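A short write-up of the structure that comes next.
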Amino acid sequence: MPTSEDLDAIVATVHQEMQAHLGEGRVADYIPALARVDPRQFGIAIVTCDGRTAAAGDAETPFSIQSVSKVFTLVLAMNRLDEGLWRRVGREPSGSRFNSIVQLEQERGIPRNPFINAGAIVVTDAVLAGGRPREAIADIAGFMRRLALDEAVSIDPEVAASEEETGFRNASLAYFLRGFDNLQSPVEEVLEVYFNQCALRMTCRQLARAGLFLAQGGLDPLNQIQVTSPERTRRINAIMMTCGHYDASGEFAYRVGLPGKSGVGGGILAIAPRRAAIGVWSPGLCEAGNSLVGQMALQRLVALTGWSVF
Ligand code: GLN
């Protein structure tokens with residue numbers, strides 16, 4: 001395990017190397033509130049299992065975590081439904097875009113995995129469990145605040161509203177799911193929760209802190225809370241590795257070799273098992289909808305730390 005000085009130096013090197021690439025990629029413009037974000041930002045934060053933090057760049061700037069939230073709702077749904085969840089959603093890489101409709105039709109309403117939009121909408125329905133959207137949203141936000149040990153974690157109402165106004169594809173996916181009898185709650189209620197979870201605003205540091213239990217068998221090492229079981233933790237990491245970057249998941253495993261989950265806000269949460277959780281953020285995206293500079297930074301970080309799981 002690198003010393004604190006080594007980690008600080010590694011993070012500073014990665015930050016420095018990324019300067020030449022700032023602004024590369026394209027910000028997500030299908031959600032108007034995200035299209036306005038300055039693409040020339042980059043942050044990185046590492047929180048180790050023994051409680052040290054190393055951070056650089058815009059690590060304290062909150063951003064829209066978007067699909068990174070899907071990891072945390074999956075934890076809540078697995079804790080609630082256990083194996084029953086897998087009757088409603090698969091766990092194979094999709095090989096298609098994160099919001100593909102064709103695949104859902106072909107597979108008769110059972111989404112390929114919990115990280116593509118259709119799968120995440122099913123997971124959100126499982127978290128909602130027939131209850132009230134406002135309460136489910138408060139539960140998800142409260143879960144994130146507890147994990148991040150930070151009351152400042154919030155939901156950006158402007159982003160949530162912007163998604164709702166333009167979320168026709170997600171609405172289509174949800175109606176399809178409902179048509180195949182794979183949603184329990186009304187479509188509008190499930191989407192309300194989904195858009196709000198995607199609109200969670202967090203910093204790289206908060207995100208790394210919140211994901212740390214995934215590096216430590218489900219036990220949050222800093223406050224000694226067992227967030228989920230060791231077995232579920234292994235499985236969530238496996239799904240992050242195989243499906244966390246949509247149809248570029250193979251590329252991410254090849255280049256970085258860590259379980260990771262991206263979001264179209266430009267954030268990535270990566271897990272180095274038994275070592276650390278890492279939050280990176282840079283808004284410009286690659287073709288598949290993952291942070292371009294974020295992926296580069298993680299590739300360099302793993303090269304410098306030797307933290308690949310392979
Ligand atoms: N809120 C986004 C959507 O539903 C999340 C997609 C993503 O981050 N990949 O389209």
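Ligands are counted one by one from 1 in listed order, and the atoms in each one are counted from 1 as well. Please read these numbers as outputs of a predicted model, since none were measured by experiment.
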Worksheet item: With the 4.5 Å side-chain cut-off for hydrophobic clustering, are M144 and M78 part of the same group?
Response: yes
Discussion item. Consider side-chain hydrogen bond (donor to acceptor under 3.5 Å, both in side chains). Of E24, E17, Q19, which one does H21 pass it with?
Written reply: E24
Worksheet item: Under the side-chain contact (heavy atoms from CB on, under 4.5 Å) test, which residues partner A45, sequence neighbours left out?
Response: A55, A59, C204, R205
Name the atoms and distances for all side-chain donor-acceptor pairs under 3.5 Å in residues 257-267, with sequence neighbours left out.
from : atom 1 : to   : atom 2 : distance (Å)
K261 : NZ     : G244 : O      : 3.0
K261 : NZ     : Y246 : OH     : 3.1
S262 : OG     : N290 : OD1    : 2.6

Worksheet item: How would you list, by chain and number, every residue that makes a salt bridge (Lys or Arg N to Asp or Glu O under 4.0 Å) with E251, sequence neighbours excluded?
Response: none
Item to complete: For ligand 1, list the protein residues that place a heavy atom within a distance below 4.0 Å of one of its atoms, sorted by chain and number.
Response: Y30, Q66, S67, F98, N117, E163, N170, Y194, C198, Y246, G263, V264
Fill in: Plane angle bin for F63 and W281 - parallel if under 30°, tilted between 30 and 60°, otherwise perpendicular
parallel
